[in-house]
Amino acid sequence: MSTMRGSSLAYLIRRLAMFALTIWLGLTLMFLIPRMAPGDPIAAMVARISSQAGRVENSEQMIQAWRTRFGLDAPLYQQYGRYLWNSLHFDLGYSMAYFPMKVEDLVRAGMPWTLALLSIATVLSFLVGSTLGALMGWPASPRALRLVLPAALCFTSIPPFMLGILLIYVFAFGLRWFPFAGAYAHEFPPGRNLDFVFSAVHHGILPATAIVVTTMGFWALGMRAMMVTTSGEDYMILAQAKGLRPRRLFWMYGVRNAILPQVTSLALSIGGIAGGSVLVEYIFTYPGMGYLLYQGIVNNDYALIQGMTSILIIGVATAVLIVDLAYPLLDPRIRRGDL
Amino acid sequence: MKPVGIAIKRFVFIGLLLSVAGCSLHAPKSDYDRRETVVFDLETRVLAPNMWNPYVPGARLEHGFHQCMIEPLFILNTETGIIEPWLGLSMTSNETLDVWTLALRPEVKWNDGVPFTADDVVFTINLLLKNAPSLLFSGPMKQWVARAEKVDALTVLFHLTKPNPRFKLDYWSVKIANSVTILPEHIWKDKDPLTFKNYEPGKGWPVFTGPYKLDRFSETSFSYRRDDGWWGAKAGWKPLPAPKMLEWVWQGTEEMRTAAMVDGSVDSLCDITLGAYQALEHFRGDVMAWTDGPPYVWLDPCPRALEFNCGHPPWDDKEMRWAMNYCINRDVIVAVAYEGTSMPSKHFFPAYPPLERFTRILEQNGAYDRFPVWEYNPDKAREILESKGYTRNRYGYFEKDGKELSVTVTTHEAAIELQRVAQVVVEQLQTAGINASHRSEAGGTWMDNGSLGNFDARVGWMACGSVSEPWSSMDTFNASWMMPDGKRAQYNIWRWKNEAYSALVSDMGRMPLGDPRIDDLYWRAMEIWLDELPGIPLTQARKLLPFAQDHWKNWPSKENPYSHPCTWWQSTCKMIHEIKPVAPDPGKAP
């Protein structure tokens, strides 16, 4: 018993150390990569200012002034130290392209929309896709059901933005059931009222459908393969021989064992949704995070890129940590180090 | 399965269906009457929508902010070349062009009722000078304005650091896109202009002089409500604009924007392709553009050109640049890249009436006979290349000393129009035996590479600046802006150095606008430019801007050119006063 407790503690410490290392490495890479890319963010910013400000003849002075303001004239190690320190304090700093907006304000504006849309769409896609995959990989399923797989894969091969255009054409432009674009009707600004909630759901149905329909095939494929493997296991034959009902056999013995890798993928997907879905957001003019990250990259906005990728890194690392900590509960071999 | 389980599942399923149906049936009803609301297209999403400070780097102006809330002092009419007064009545200089006197229109008020006076102008200039060069326009103000002095409540003197004949035109007249914004001193006097957002709905902020007040906004749409107490109507200067509401809405891709106009939910669109316009015409008959028939387009002030780094061999040789020019067929570029919706460009000037006079000077003096910029003549190109020692290799490309003649043409990643032009140019150069390729670069990188001289050739908007007079564009080739590769150049990123040209252009720059001596200097300078051809003018830049006429009429057009039609410029404030509602059809229910 004490050995078990000891191995659990060691496992926990190892996972936590890996979590910290992942975040540090991720943050460091995100500090270096934008700086290695060609293009100067301040020059880009000043060029944009100059293009809006008539004839500008002293842009070099502007560049120097802004470089100093953003601390980019300091040696790289100082910039790195300040960046790590600020990251530890969740201070994401000022955006260079959207100064004087703070990165956290920009993120705060887009995050709820992205989280709501993508987390619901991802979970729905996971549930529908995995269930379909499980049924397709289950020998006792009706044959007609197996025809679902090619159809699901057919949608998977369509990029979400293409399906988005199709959905808009049919359901918004043609049937007029849903709005063309946006996250809510302008008349019902965000607030705790039913009008806004209805409006937000109404606007979210088409983009969510585009994501669910185009991604569920991946879940179905993975699940079907695992179900085929699982259904040939000895314990399944034993359970069948003991006369368990097919429904119990399917859910408790088949799906429960086959779902483990799917859960890992789900955790990673959920951890990564903070990055948004640029093209779906663009097609549906949805005010999420994908467009924000894209603008950060296009404008070489170090602070915005670093801020958003920090959230992504922490999100994915946390999701992996949770999965790592949850797995031993599902499969004791992992805790013991058998695997 | 137990009956209870089945019941629960059915309940959940029906509940989900009802929720979706409920949301669909509960289709949000707009509280705007489309007969009183004009909806404009917004090209991109506004990531900082609560930023109403027009001077910070994160400021966006084209979402209605500078069209209906901020009013300019003057507006340049690109069709006539006349600078029309708005908040300003006149702005004149002394003989030495270093003191400018601004007379303000009387009875102008901020939308909180406080009078707009010379104090506000002086305050704004001082604020820009104090915070230079960090704020928009603060760099130029620091460069040009020694001090601003209030003479009386409606008169301001600008004492310049040195003579500038274009001070009014360049900074106060909405020459391209916008102009210096005057700020209300009573709101801004204790604020840090670098961090002040100028948004506090409880206090009625933002405060400006325009006939509309901010109503509500999100990252994708902005609404403004007409201020029926607007100073202009009270003073009898102009009646209130007809639309009670104005909206700017981001519609997403061109397909979505076009669909929105077909649907009747937007009255004006930003630039679209010919195919999209034809779809609009197909679906609704009442759509109009700048011209009734092809090419439909209004010309943007920045023509497109193939630009060289004239410091990089072999493009430092003018004959090599001319050889490139002979390889280019502009008619094909217009036909393929623009689907016929542009026109070849002989000059780096936009083909605006005030500048056409200067192109005619070249034609009348036979410049284009001696320097046939428009001539597509691959044989002549081959002759030049062979005279330079180039021969065709086994792949069909020209080479010299074992080195293939190649060039990479770069473009801005967001400029689809330029990419299409570059692709046709590359194809034509390939056909002529030059191993050309095209590379699209991220916007910031492309601009950075340009100013640092890190390119051989690019398709860009060379020499953008002139709208009604020739000097602004011509000065961008001045050798005084020359920087070596690796050092950031403000202008003349093409690294073309010609002292004679520069001297002539510098002389032009010191003369008052419209001075008759300018014509001769211009002609002599352009002779040098055409002979050297530091860049190749390709096409005029075009904007195909459709307007729907089911709710609103009297949009600007070539036949009715009271304003230019680009709805993202500050000059839209004039358009807003001119458009009128379409009389409702008595046979139709409202």
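Each chain gets a letter, A, B and so on, in the order the sequences are listed, and its residues count up from 1. In this text, all values refer to a predicted model and were calculated from it rather than measured experimentally.
Highest contact tally toward chain A, considering only B:Ala48, B:Pro49, B:Ala442, B:Ser134, is held by B:Ser134 [criterion: heavy-atom pairs under 4.5 Å]. Looking only at heavy-atom pairs under 4.5 Å with chain B, the residue among A:Asn300, A:Val298, A:Asn299 that has the most is A:Val298. When A:Gln295, A:Glu60, A:Met96 are compared by the number of non-hydrogen pairs under 4.5 Å with chain B, A:Glu60 comes out ahead.
Using a 4.5 Å cut-off between heavy atoms, A:Ala65 contacts chain B through its side chain alone, with no backbone atom that close. Only the side chain of B:Asn50 has a heavy atom closer than 4.5 Å to any heavy atom of chain A. Heavy atoms of B:Glu219 lying under 4.5 Å from chain A belong exclusively to its side chain. The part of B:Phe222 that comes within reach of chain A is its backbone (N, CA, C, O), which places non-hydrogen atoms under 4.5 angstrom from that chain. Contact annotation for B:Ser221: both backbone and side-chain heavy atoms come within less than 4.5 Å of a heavy atom of chain A. For A:Ile63, the part lying under 4.5 angstrom from a heavy atom of chain B is the side chain only. Contact of B:Glu441 with chain A is not made at all, since no heavy-atom distance falls under 4.5 Å. For A:Gln64, no part sits under 4.5 Å from any heavy atom of chain B, backbone or side chain. Using a 4.5 Å cut-off between heavy atoms, B:Thr44 touches chain A through backbone and side chain atoms alike. Of the two parts of A:Phe284, neither the backbone nor the side chain holds a non-hydrogen atom closer than 4.5 Å to a non-hydrogen atom of chain B. There is no contact between B:Phe196 and chain A, counting heavy-atom distances below 4.5 Å. Proximity to chain B (any heavy atom under 4.5 Å) is shown, for A:Pro287, by both the backbone and the side chain. Only the side chain of A:Met45 comes within less than 4.5 Å of a heavy atom in chain B; its backbone stays farther off.
The cationic group of B:Lys197 does not satisfy the cation-pi geometry with B:Trp52, failing either the under 6.0 Å distance to the six-membered ring centre or the 45° limit from the ring axis.
Other residues, nucleotides and ligands contribute more than 12 heavy atoms inside 6.0 Å of the CZ atom of B:Phe167.
Relative ring orientation between B:Phe137 and B:Tyr55 is described as perpendicular, the plane-to-plane angle rising above 60° on a 0-90° scale split at 30° and 60°.
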- Task: Apply side chain to side chain contact (heavy atoms under 4.5 Å, CB included) to the pair B:Ile176 and B:Cys464, showing each step before the final yes or no.
- Result: CA-CA 10 Å; B:Ile176 296 178; B:Cys464 187; 4.2 Å; yes
- Message: Using the rule given for salt bridge (Lys or Arg N to Asp or Glu O under 4.0 Å), can you reason through B:Glu255 versus B:Arg257, listing the C-alpha separation, both sets of side-chain angles and the distance that settles it, and then say yes or no?
- Response: CA-CA 6 Å; B:Glu255 292 80 8; B:Arg257 292 156 61 212; over 6 Å; no
- Does the pair B:Trp250 and B:Asp41 meet the rule for a side chain to side chain donor-acceptor pair (under 3.5 Å), with working shown? CA-CA 6 Å; B:Trp250 179 46; B:Asp41 184 23; over 6 Å; no
- Walk me through it: do B:Asn131 and B:Ser138 pass the test side chain to side chain donor-acceptor pair (under 3.5 Å)? CA-CA 7 Å; B:Asn131 291 280; B:Ser138 64; over 6 Å; no
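A donor-acceptor pair is defined here as one N or O able to donate and one able to accept, closer than 3.5 Å; no such pair exists between the side chain of B:Glu247 and the backbone of B:Ser223.
Residues of residues 165-176 of chain A lying under 4.5 angstrom from chain B, judged on non-hydrogen atoms, are A:Ile165, A:Ile168, A:Phe173, A:Arg176 in numerical order.
In this structure, A:Phe161 has its ring center at least 6.0 angstrom away from the ring center of A:Tyr282. Taking the six-membered ring for Trp and the full ring otherwise, B:Trp144 and B:Trp172 have centroids separated by 6.0 Å or more. Ring centroid separation for the pair B:Trp248 and B:Tyr224 comes in under the 6.0 Å cut-off.
How far CG of A:Asp40 is from CG of A:Leu72: 7.5 Å, rounded to the nearest 0.5 Å.
Salt-bridge formation is not detected for the pair A:Asp91/A:Lys102: no Lys NZ or Arg NE/NH1/NH2 atom is positioned less than 4.0 Å from an Asp or Glu carboxylate oxygen.
Looking at A:Val107 and A:Met289, their side chains come closer than 4.5 Å, going by heavy atoms from C-beta outward.
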